[in-house]
Structures are given as structure tokens and as C-alpha cells.
Visitor: 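Below is a structure I'd like to ask you about.
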There are 2 protein chains.
Amino acid sequence: MNRRTVGRQPKYQRIAADLKAAIAAGTYTPGQRIPGENDLMATYEVARMTARQALATLRSEGLIEARKGAGIFVRQYEVVIRRRGVQRLSLNLWAQGKSVWSADIDDRSLEVDSVSVMEEPAPKGVAATLDTPAEAPVCVRRRRFLLDGRPVLFATSYLDAELVAGTAITQPDTGPGGIYARLDEIGHKPVHFREEIRSRMPNAEETAGLGLTPGTPVTLICRTAFAEDGRAVEVNDMVLDSSAYVLEYEFDA
Amino acid sequence: MNRRTVGRQPKYQRIAADLKAAIAAGTYTPGQRIPGENDLMATYEVARMTARQALATLRSEGLIEARKGAGIFVRQYEVVIRRRGVQRLSLNLWAQGKSVWSADIDDRSLEVDSVSVMEEPAPKGVAATLDTPAEAPVCVRRRRFLLDGRPVLFATSYLDAELVAGTAITQPDTGPGGIYARLDEIGHKPVHFREEIRSRMPNAEETAGLGLTPGTPVTLICRTAFAEDGRAVEVNDMVLDSSAYVLEYEFDA
DNA sequence: AAGTGGTCTAGACCACCAC
DNA sequence: TGGTGGTCTAGACCACTTT
């Protein structure tokens, strides 16, 4: 019980602080292996669970990554997708302004992985937004998007089932121009958008489906598309791997 | 060693799944106390660390909250701030469209807690954006914002030190209209904005400063303000308690 | 085959909170 | 004062990766 030697700080926090400092100082570089459980047990003379807790701290901050049977590695954030919320002003003055956060890849180079279309009752808030009856089924389109084979985004669209009945929107392949082109054809062209952004820790399903490293939150985008008459014609609920995305919005004062 | 009885699933995951199901089913409601370590040890006949790990799973998903000496409680997300990225179009058609995510409080009802102004070298990306020499000191303004006494936001502004020298921007109190009014007065009125949004787990400093419950990520907003001539005049780096915020952006097709 | 992280046990002492 | 969660120990077996 040499617990009174250190000034009230738990051992695992001291070990974690040491490792963090070493990573910050560049002693260990991204992708490199760092001391694992057995190493920490030896050098700090602690039990396995204590070493694990120190590593758990770093993992929860997204600094390291454990690979079963291989070791602990400094995490590297490489591919970043820049998602431009307002992308239509392509050739304006501001487009040349330097951005603080670099992003290698554009939103458009994603591939669709799987599509499902079905009719389900809409979630509470969605039904209110679409102005459909509370328990009535709506058209639900679920898609997953990949970047270089790695899943980075889940998207779920909700549309008024009566409105889109008989259109390609109820088919897996919506045809050229996608949902919005089809909505235009039936006289409900989206002309205005609202995006609501939140962030939280993923549940087990999201962690598995997006292949998330523990310690990675998800970013949620809920986009509502409005037609000319002000009617909400689509709600698109997106779940993003937050380590893969930078969202960008530009607007004038 | 009754490990082969269950089909490959770790005990702690099964316990966690049970608790999650109970919370989802409404057996335990937000703010209510749920079975703690000792209860789980007894009912599932497991060791303390196993029960803890089950609870750690729920905590990392932001579902529960541990209060030392008191017990484990279902987390409740109450106050949400709606931060409107583009708020100037106050009386347009879309303002009446129903939003999916409710938000009780507006961005403006925040109080400033502490302000510090100093000259420091700018971070790498910031210097490039502001177009200042790499190691040159810039004006750095740090502020913390409270909602009902609870910290919810850190904001750090970076400005060209030479540009703002002699203005109230270098003072803790920037006067009526704040930084942007002062920039206007010296002929660099911000007329265009870019906001870049990311999300990650907080470090220890952010967790303490924002009073974050474990399992809560932070949302990062990096706003760049541009003057008429296209010059970037301010970079504002914000760290938000993600459980307190919904970000909103509206724009036309 | 050796080493790694993942899971699990059966204990222990502590600081903190509610009663 | 008794119960709670937080920290810690000294073992153990397992699945997995690497060599």
C-alpha cells in the first residue's frame, strides 16, 4: 500500500498522463506501437487491470487503438471527407479562402453499399415535420456509404408514402438525379434545406455498422427538404463516423 | 467456468444488453436509479469488475451516469440550445417549418464567464488562414459561456495582432457590438463566414472545464470570418458540450 | 510457439453520500 | 453508519496475431 506516496492521484491517471505526454511530444508517432499491458505492468509495477484502465483512458480520448493479439497503437486520423453544406456557389470570391481544417476527399466520391426501401411508421419528430398522421407508415429509405470500402455514413430518408407512391422513390434505384429529381417531377421540387447537427456516442449497432474504433463519436445530421410551398417533403437522418468527416457551411452576413 | 453455457457472448455484454433493454422499455426512466455494482454482482453472480464493465458500456454510450456514493442513474438530457448558423432571415417562409429536434433555449441567452486576452503564436492552420507569419504572435481571446451557471462552450478567437492593435479588441470588454463592430470601424467588416464542424472525445481539460459527464463528446466549430476583400479577419475555435447543443443551418437550393 | 489484448475471479481499502 | 462507486491486487484462461 504505497498509496500515500503520490499526491492523491490514482495510479492509472499518472500512467495515462505519462503516455499522453509521450504521444504529444512525438516520442510515439501515429501508427506506431506503444507499451502494452504487460509492459506497463512491469515498468510501473501495477496489476493488469490498472494498466488496462490507464490505456482505457487514452482509448476513450481517441488517442490509441488496441489490436487484439498485436498490441496498442497510436491512432492516426488520415482520410477526411469535406462535406459542404452549401456547395452551389462554386466560383465565388470566398472559395479561395484558406480553410483551417484540411480535407483530402470530397463528399461525392462515396459509393453506396446497401439500399433498403420499406414502409414503416415514422419516428415521432419526423411525423410531425412531414405533417403525416402520427402512426401512419411512411416511405423509409436506408443506405450505407463507403469510402474506399470503409463505411463512413448511414442515411435514412423519410418521405410521405402517399406523396411518393408510384414513383421511383419507392424503388431501390431512384434513377438519374435521385430522390430530388423525382420529387421535382411530381411537382414538389426541394428548394430550401435545414440541417440540424448533433453529436453523441454510438450504440453497439452503429459501432459495428460503421466499423468505429472505441472512443469515436458519431455526428448526426438531420436534413429537412422544403418545397416551394413550404411543405417539408423529405427528412434525411444521417449518422456519420465523426473521425472521417469535416462539415462545412458557408453563408453571408 | 460456466462460460460455454452462453453462446460466445461475454457476460458483461449480456448484462449491459439487459440494462439497455430495460431502459429502452421504460422500466427505468430518466433520472431514476438503476441496479448498481453490488446488485448486478448478486443477481448475475459475477465479480465486481465484470459488473463494472457492464456499467462502463452504458456509460460510454451516454445512457447512464454514476454518482459517487449515491448510485447509478439513467441520464436525462434536458436543456438544449439551438444555435442557428444563419439567423438573419428572420421572417421568411421556412421559419415556420417544424423542426425535428426541439430546442428550448436560444444561443443568445448565454452568459460569459471568464475572458482572457493575450498575444500568442497562432496554431499552424490558423496562421495559414489568417495569412500571418508562421510563428508570429496573434491576438488570442478566450471565453467561456454558461447556461444557468453550467458551462457549455469554450470560444477562442484568433486575430491578426497588427490589424487589431489599438482597438478594444485587445481589451477584455470589446464594447457594444463586440469584435465584429470594432473590425467594421477599422474598415474590415466581416461579411462572409465559413464554419467547419467536427466532433471528438474531449481531453481531460475539456472534460473538467465543461463539467462533462463521461461518455459525452465535444462538438468543434471553427468559424472563419471574411471581410469584403476576401481577407480572413478572424478565426473562432469553439468547443461545445455536445449534449447541450443542436446546430442548425438553413440554406436555399 | 510466444506474445498480445479481452474477459473474469475473489478478494481489499478508500472517499463520498444519504440517512 | 452503512451503502455506494472508485481504485487496486494477483492471479487465471481465452482468442487472436505474429513470428
Side-chain angles (χ1 to χ4, degrees), chain A residues 1-19 28 31-60 63-75 204 207-208 211-215, chain B residues 1-19 28 31-60 63-75 204 207-208 213-215:
Chain A
M1 311 310 166
N2 50 359
R3 212 161 309 156
R4 238 153 313 284
T5 58
V6 220
R8 276 177 204 343
Q9 193 186 32
K11 287 187 184 178
Y12 79 92
Q13 287 186 11
R14 166 155 161 50
I15 300 174
D18 282 359
L19 290 174
Y28 307 118
Q32 190 183 344
R33 180 153 174 230
I34 72 169
E37 299 181 358
N38 297 329
D39 300 297
L40 296 179
M41 287 169 68
T43 65
Y44 288 95
E45 293 178 322
V46 293
R48 168 170 295 269
M49 291 307 291
T50 306
R52 274 185 72 75
Q53 198 169 2
L55 293 170
T57 302
L58 298 218
R59 217 177 348 161
S60 80
L63 290 173
I64 61 173
E65 181 178 1
R67 296 184 205 149
K68 227 186 309 186
I72 311 280
F73 298 83
V74 180
R75 232 178 116 174
T207 300
L212 296 175
T213 302
Chain B
M1 310 310 167
N2 50 358
R3 212 161 310 156
R4 238 152 313 286
T5 58
V6 219
R8 273 170 211 346
Q9 191 185 32
K11 288 186 183 180
Y12 78 93
Q13 287 186 12
R14 164 154 162 51
I15 301 174
D18 282 0
L19 291 173
Y28 307 118
Q32 191 182 344
R33 180 153 174 229
I34 72 168
E37 300 180 357
N38 298 329
D39 301 296
L40 296 180
M41 287 169 68
T43 65
Y44 288 95
E45 293 179 320
V46 294
R48 165 170 237 89
M49 292 307 291
T50 307
R52 275 185 70 74
Q53 197 171 2
L55 293 170
T57 303
L58 298 217
R59 216 176 349 160
S60 80
L63 291 173
I64 61 173
E65 180 178 1
R67 296 182 206 151
K68 226 188 309 188
I72 311 281
F73 297 83
V74 180
R75 229 177 122 177
T207 300
T213 302

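Within every chain, numbering begins at 1; the chains are lettered A, B, ... in the order of the sequence lines, protein sequences first and strands thereafter.
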Visitor: Please report, rounded to the nearest Å, how far the P atom of C/dG3 is from the CG atom of A/Asp39.
Guide: 12 Å
Visitor: Closer than 3.5 angstrom, by distance alone: can the side chain of B/Thr43 be matched with the main-chain N or O of B/Asp39 as a donor-acceptor pair?
Guide: yes
Visitor: Between B/Glu45 (CD) and C/dT9 (P), how many Å, whole number?
Guide: 10 Å
Visitor: Take the protein atom CG of B/Leu40 and the nucleotide atom C1' of D/dG5, then report the distance between them rounded to whole Å.
Guide: 12 Å
Visitor: To the side chain of B/Arg48, which of C/dA12, D/dT9, C/dC8 is closest?
Guide: C/dA12
Visitor: Base, sugar-phosphate alone, or nothing: which one does B/Leu55 contact when heavy atoms must sit under 4.0 Å apart?
Guide: nothing
Visitor: So which one's nearest nucleotide on DNA chain C is more toward 5', A/Met49 or A/Ala70?
Guide: A/Ala70
Visitor: Output yes when at least one side-chain N/O atom of B/Tyr12 is less than 4.0 Å from OP1 or OP2 of C/dT7, else no.
Guide: yes
Visitor: Between D/dT9 atom P and A/Glu37 atom CD, what is the distance in whole Å?
Guide: 14 Å
Visitor: To the nearest Å, how far apart are A/Asn38 CG and C/dG6 C1'?
Guide: 12 Å
Visitor: Could you pick out which residue, B/Lys68 or A/Gly69, lies toward the 5' side of DNA chain D when each is mapped onto its nearest nucleotide?
Guide: B/Lys68
Visitor: What is the distance, rounded to the nearest whole Å, between atom CD of B/Gln13 and atom C1' of C/dG6?
Guide: 10 Å
Visitor: Report yes or no: is there a donor-acceptor pair, N or O only, under 3.5 Å between the side chain of A/Arg67 and the base of C/dG6?
Guide: no
Visitor: Within a strict 4.5 Å, meaning less than it, do heavy atoms of the A/Arg52 and A/Arg48 side chains meet?
Guide: yes
Visitor: Across all strands shown, which nucleotide pairs with D/dT7 by Watson-Crick or G-U wobble geometry, both distances under 3.5 Å?
Guide: C/dA12
Visitor: Is there a side-chain polar atom (N or O) of B/Arg33 under 4.0 Å from OP1 or OP2 of D/dT4?
Guide: yes
Visitor: So, does A/Thr50 get its side chain near the phosphate of D/dT7, meaning an N or O under 4.0 Å from OP1 or OP2?
Guide: no
Visitor: On the nucleotide C/dG5, are OP1 or OP2 found under 4.0 Å from the side-chain N or O atoms that A/Arg52 carries?
Guide: no
Visitor: Measure from the side-chain heavy atoms of B/Ile72 and tell me the nearest of D/dT9, C/dG6, D/dG5.
Guide: D/dG5
Visitor: On DNA chain D, check which nucleotide each of A/Val46 and B/Ala66 is closest to and give me the residue with the more 5' one.
Guide: B/Ala66
Visitor: Between A/Tyr44 (OH) and D/dT9 (P), how many Å, whole number?
Guide: 14 Å
Visitor: Whether B/Arg67 engages the ring of B/Phe73 as a cation-pi pair (distance to the six-membered ring centre under 6.0 angstrom, angle to the ring normal within 45°) should be assessed.
Guide: yes
Visitor: For B/Ile15 and C/dT7, what is the distance between atoms CD1 and C1' respectively, to the nearest whole Å?
Guide: 12 Å
Visitor: Counting C-beta onward and ignoring hydrogens, is there a side-chain heavy-atom pair between B/Thr213 and B/Thr207 closer than 4.5 Å?
Guide: no
Visitor: Can you tell which of A/Leu55, A/Val74, A/Ile64, A/Thr57 makes a side-chain contact (heavy atoms from CB on, under 4.5 Å) with A/Leu19?
Guide: A/Leu55
